[in-house]
Every structure is written in structure tokens, then in C-alpha cells.
Amino acid sequence: MHDVRLIRETPDAFDQGMARRGLEPAAERILELDRRRRAAQTALQEMLTRRNAVSKQVGAAKRNGEDAADLIAEVQSLKDGITANEASEKVLDRDLEAILEGLPNLPAADVPDGNTEDDNREVRTHGDKPDFDFAVREHFDIGEDLGYMDFGAAARLSGARFVVLRGALARLERALAAFMLDLHTQEHGFSEIVTPVLVRENALYGTGQLPKFAEDLYKTADDYWLIPTAEVTLTNLAADGILDEAELPQRMTAWTQCFRSEAGAAGKDTRGMLRQHQFSKVEMVCVTHPDQSDAELERMTGCAEEVLKRLGLHYRVVVLCTGDLGFGARKTYDIEVWLPGQGTYREISSCSNCGDFQARRMKARFRPRGEKGTRFVNTLNGSGLAVGRTMIAIIENYQNADGSITVPEVLRPYMGGLERIASKERTGQ
RNA sequence: GGAGGGAUGGCAGAGUGGUAAUGCAGCGGGUUGCUAACCCGUGUACCGGAAACGGUACCGGGGGUUCGAAUCCCCCUCCCUCCGCCA
């Protein structure tokens, strides 16, 4: 949500920001509504001032046993004007709100211009593509052949875009989540949180998924929504609150299931675990002082990268161009992991600084030291990491010629010491 | 599913028609050699104003009654307690 005062002060900068996202100028329309709304409000307030004063006189007159008929008549005569201005202020207010809540965040100055993901800019890479002296396969072939990845069973239960994992791969899911949570809580200063995955509408409004992107979400028959990411619940923990400046930054992490309808992705990534209606993810959220959020974005991205480094996976970091930026983000780094089976980099984490865009929607504020009043906090979120996609990366990068998978060293303590995932027959599992 | 109770500022908590007590915390200032203590100020949002300052709204949300509503009436949302069922 945008600050009207900011648009009032710098309408051109606002429109330029919208233009960088490929959107039509909106400032003029907004400011016209804003002018009319303020005029109605000012007129209304003057009438209310008069009404309050005269009403007071009525009270005084009645106490003294005097006749108040003239005064009462005067207030009566104000009524139509009050009703009319009240109504027009409310309508203008709603119109203005309706425009503002549909506009995305302004991109940060250092975000590159562009239209599609092809215009994203590579920032850095880590590691190298692994060499294989055999024909590499994709994760679903490996997983299915091992007998631990079952799309048929999932289809019978739930249809397309679901998976059933068994045995060592089921455990790998749990191991990955535990490893990531341990890293973020023990070394990166995040506190571990468990949240609901069913939420009310207002939580999704706060983070910006609603009202615009309802078609991407699942909703229950009794009006709960399934979260598409724990960003929703973790960030909304700050909603409607006023924090002490000393309580910032707040770093939180949670492992949750995520649910996405993938409405716009029909026919895309239909094979394998890459794009599912349900997947688990370890999410990081940070609530910061506005002056700190830029630095926090770098830090958070580093926390996500650390997971990949320790797993020994080759990746690159790209900064999203204006055209690829999400609705609430002012700047986003995507981390793309190398998938040898696909022979391409795929997104495994997305870390965004939302500035005060979400905070304004959910009224998340803090009290600045030595200053009057309150300010909106800044919010950031990042995957650390998407667990299913991490599993894909491990399967493809650690595959062996015999169809087994080597367990990365850091995960072995979480896998009961297991060094290699081989087929059922061979391990007897 | 049944029956009750409730929602007031950061927190606690009074207020049954005359325009939001009080306490605590935090912040700013003052007194004292320091600490403690004490004193003064300080709710949030918005509008007008160069500023000083002035004004309006807000007692869960939305309507209504009234000269005037936290207070009375109607609708809605949320929270809590007990009973039943249940992992």
C-alpha cells in the first residue's frame, strides 16, 4: 500500500516507478481523488466543529432551564450538509483505497529495468557445475527407479502436481528441513516459529496476496485460506502492533507446508516435483527498522546461500528486473540452483525487501527512539530454502551411475548416518 | 453442535446520554553529587497551517435514534468460558 502523502510530494517519481514496472501513470488520478476527499473532509470537519459547539450550548441552556429551541434548530439545519459530506468522503475514501491497494510496490533505485526474467541480472555464482562420466537423469526418473518417489500413488489420492515420498526420500525431506532450521536458528539468529497454515482473509491482505491474486490460492468451504508461503503468517505476526525500536530486527523462521493453485502455470513443469500444489518450505522473515532493510536483504540472501554452500550445490544469484518483481517487493534476489538433469538453473529461493509496503497494509509499526509518534517497519522475506526443490537439486547433483544418490555430508547426521540412498532391494528398506 | 460472557489508548482498567477517569510502562524535560525517589509533559490517525497552533475522528466493525452516543437500538466480526464431540 502506498502513502498518499508521498505521492502528493513526488508524483512524478511515483509515476516513473510505475512506468518502470510497465504500468500506466496513476498519480494524477490518485491526487484528484485525494484533493476531493480532503475538501469533503475539511468541509465536514467545519460543520462538525459548529455542531459540537452548539450542542454544548444546548446542554448548558437546558441545565439552566433556558429555552434551547433556536440552538436545536441550528444544529438541525446542519444535518443535511453533514450527511452529504460524510457520504462523499466515504465514497472518495473507498475509491482511493481501491486504486491504491491494487498498485504494486515501487522498485528500488538499483533494480535493473526489464520486462521478463531474461532481463534479470546475474550478481554472482558459487561453485561449479559438476562433471558426470555417465548420462545424467532428471530427479523423477532417479526417484521413481529407486522406488521412493511415487507420482502414480499421489495422482490416485490427489491428482496432478502431488507426490508421495517413501523411505529414504521421505526422511530426506525431514532431514533437509531440520538442517535448515538448525542453521538459521543456531548460526543466523532466527527464532523458530510454528504457525497455522489456514488463515483469514485479512492476513493475506496484509502481505499483498489479496485482493488481487485470489486465483493463485486455495480457500476452504468455511472461508479459510491455505497459505502459499509462511511469509504470510510470519510477517503478519507484526500486524496491528507497535514495537519498541529496541525489539528490531525480528528474525523468524518456520517450516511449513505451502499451497498454490498454480492457476497461471498450466502445462508448465508438469513432470516431477518442481511445481506442486503442495510443498514444504523453510521460510525466513525479518521485521526491521527502515534504515536497516537494505542491509538485511543482503544478509538474508546470504543466509539462504549458506544452505546451498553447505550442501555443496552450485548456484547463481540474480537480481530481478522491474518486470519480474513481485507485487509487494521493492527489490528481490532469486537464488537459482544448478540442475544437471535439466541442464539449467532453477529458482530455489527468492529473497525480497518489501520496504514498508506490507507494513502499511497490516499496520505494523514501531516507536522510533527520541521521536514523536510511530513509523512503519520494513518487512523482508526469503526462502531458506524450498525443501522440495532442494531435494531435486540433491538428487540430480549427487546422482551416481548405478542410480543411487550420495547423501551430502552435512545431512548424514540427520539421516541416521546414511551415506548413500540406494534402491529398496539393495538396502532392504 | 448447545449455553453464557466479553471487545475502551503500548498494557491494565473505570465509565448507563453532556463529549474518554485512573494506574503502570515507555519516551521527553526538571529536581538531587550518582542511583533510587519525586515533579511536569506525553494516546493514535487525519485535516487546516510556513510555523506556533487549531480542529475532527477513533471506545471491535457497520447502520440507526438524539441538539448531543463509549453509553440506547439493529446487523456483523472476533475473542473467552462451560457442556457435548474429537486428534
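Labels below follow one simple rule: chain letters A, B, ... track the order of the sequence lines, proteins then strands, and each chain is numbered from 1. Excluded from the calculations below are hydrogen atoms, water molecules and symmetry mates; all remaining heavy atoms, backbone and side chain alike, are included.
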Atom-to-atom span, [atom1] of [X] to [atom2] of [N] - whole angstrom:
X	N	atom1	atom2	value
Lys56(A)	rA69(B)	NZ	C1'	15 Å
Arg8(A)	rC46(B)	CZ	P	9 Å
Leu48(A)	rG48(B)	CG	P	16 Å
Asn202(A)	rC78(B)	CG	P	10 Å
Arg365(A)	rG10(B)	CZ	P	7 Å

Counting heavy atoms from C-beta on, name the nucleotide in [options] closest to the side chain of [X].
X	options	result
Asn52(A)	rC47(B), rU56(B), rC78(B)	rU56(B)
Gln41(A)	rA57(B), rC67(B), rC47(B)	rC47(B)
Thr42(A)	rG48(B), rC46(B), rG10(B)	rG48(B)
Asp244(A)	rG26(B), rC46(B), rC47(B)	rG26(B)
Lys62(A)	rG68(B), rC79(B), rG18(B)	rG18(B)
Ile72(A)	rU56(B), rA45(B), rC67(B)	rC67(B)
Thr374(A)	rG26(B), rC46(B), rU44(B)	rU44(B)
Gln45(A)	rC46(B), rC67(B), rC78(B)	rC46(B)

Please confirm whether Arg361(A) makes a cation-pi placement over Tyr205(A), using NZ or CZ under 6.0 Å from the six-membered ring centre and within 45° of the ring normal.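 Output yes; distance and angle both within limits.
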
Using the [atom1] atom as the reference point in each nucleotide, state the distance between [N] and [M] in Å, no decimals.
N	M	atom1	value
rC46(B)	rG33(B)	P	44 Å
rA70(B)	rU65(B)	C1'	16 Å
rG17(B)	rG23(B)	C1'	27 Å

State the pairing partner of rU81(B); accept Watson-Crick or G-U wobble contacts with both distances under 3.5 Å, and report none otherwise.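 Matched rU81(B) with rA3(B) under the 3.5 Å cut-off.
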
State the pairing partner of rA36(B); accept Watson-Crick or G-U wobble contacts with both distances under 3.5 Å, and report none otherwise.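 No nucleotide pairs with rA36(B).
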
With respect to the phosphate group of rU19(B), does any side-chain polar atom (N or O) of Arg51(A) fall under 4.0 Å of OP1 or OP2?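 Result: no.
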
Is the shortest side-chain N/O distance from Arg367(A) to OP1 or OP2 of rG28(B) below 4.0 Å?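 No, outside the criterion.
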
Using a strict 4.0 Å threshold on nitrogen-to-oxygen distance, state whether Arg29(A) and Glu32(A) make a salt bridge.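 Salt bridge flag = no for Glu32(A) with Arg29(A).
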
Please find out if less than 6.0 Å separates the ring center of Phe327(A) from that of Phe213(A). yes

Hey, does Glu46(A) reach any base, or is it just sugar-phosphate, or nothing, if we go heavy atoms under 4.0 Å?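 Contact class for Glu46(A): none.
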
Scan Arg50(A) against the nucleic acid and name what it touches under 4.0 Å (heavy atoms): base, sugar-phosphate only, or nothing.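 Answer is nothing: Arg50(A) stays at 4.0 Å or more from every strand.
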
